Amino acid sequence: MAFDRHASGRSALLLCAAAGLALAMARASGEEAKPASPIYGVTVPDGYRDWRLIAPALEDAPLNELRAVLGNDVAVRAYRAGTLPFPDGSVLVKLAWTRTPSSEFESATVPGPATTVQVMVKDATRYPQSGGWGFGRFIDGKPVDAAQHQTCFACHEARVKERDFVFTRYAR
């Protein structure tokens, strides 16, 4: 399949414009919009800290992070059933913290300061150019820049295309 850079660029521009229009409309109506990722318009979902754990992970240097991936009910059902591709409405949230040695138990590593919250939202209609997934990466509740978001899908596509672009495996 040929990749049309101009069409992809136009799609990204249209998504950014749509996100900007939604933000302007929310502000005009007196509602304060949640910070949304550039390109995809993904926000941090309400109540995500109450979702089920999909799996923990350790990331070695240079990031040196502890991570936990949580899923909404749609994603959890898909994981448990082994459903691929994930159905629309699946949402995954990755929490990350610096790995810190425990002061109480010398062989343990515990979460230190939070580093990022990363979000994947499955909506094949809204995100056809990125395998049906929208991406958001947030630091201190604010989305990182568009350049960082442009790397999301390419990384997932290069490594886990056969698993519907999802790295995390369900920890049973």
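Computed from heavy atoms alone, side chains included, the values below leave out hydrogens, waters and symmetry copies. In this text, all values refer to a predicted model and were calculated from it rather than measured experimentally.
Ion pairing between a basic and an acidic side chain is recognised when a charged N comes within 4.0 Å of a carboxylate O; D145 and R137 show no such pairing. A salt bridge does not link D88 to R126: none of the charged side-chain nitrogens sits closer than 4.0 Å to a carboxylate oxygen. Salt bridge E65/R99: absent, no basic N to carboxylate O contact under 4.0 Å.
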Just list the side-chain donor-acceptor pairs under 3.5 Å for residues 69-87, sequence neighbours left out, or say none.
unit_1, atom_1, unit_2, atom_2, d
N72, OD1, V74, N, 3.4
N72, OD1, A75, N, 2.9
N72, OD1, V91, N, 3.1
N72, ND2, G89, O, 2.8
Y79, OH, T168, O, 2.7
R80, NE, Y170, OH, 3.0

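The aromatic rings of F135 and Y40 sit perpendicular, their planes meeting at an angle over 60°, well past the 30° parallel limit.
No donor-acceptor distance shorter than 3.5 angstrom exists from the side chain of S130 to the backbone of G132, with no hydrogens or angles considered.
Taken from NZ in K122 to OG1 in T125, the straight-line distance is 10.5 Å, to the nearest 0.5 Å. Within the model, atoms CG of L63 and OG1 of T115 stand 7.5 Å from one another, a figure rounded to the nearest 0.5 Å.
With sequence neighbours excluded, no residue forms a side-chain hydrogen bond (donor to acceptor under 3.5 Å, both in side chains) with Y48.
Under a hydrophobic clustering in which Ile, Leu, Val, Met, Phe, Trp and Tyr are joined whenever their side-chain heavy atoms come within less than 4.5 Å, directly or via other members, V117 and L58 fall into the same cluster. Note: the hydrophobic cluster containing V144 does not contain W133 (ILVMFWY, side chain heavy atoms under 4.5 Å, direct or indirect links). By the criterion of side-chain heavy atoms lying less than 4.5 angstrom apart, applied directly or through intervening Ile, Leu, Val, Met, Phe, Trp or Tyr residues, W51 is grouped together with W97 in one hydrophobic cluster. Grouping the Ile, Leu, Val, Met, Phe, Trp and Tyr side chains by contacts below 4.5 angstrom, directly or via other members, places F167 apart from F165.
The local environment of CZ in R163 is crowded, with over 12 non-hydrogen atoms from other residues, nucleotides or ligands closer than 6.0 Å.
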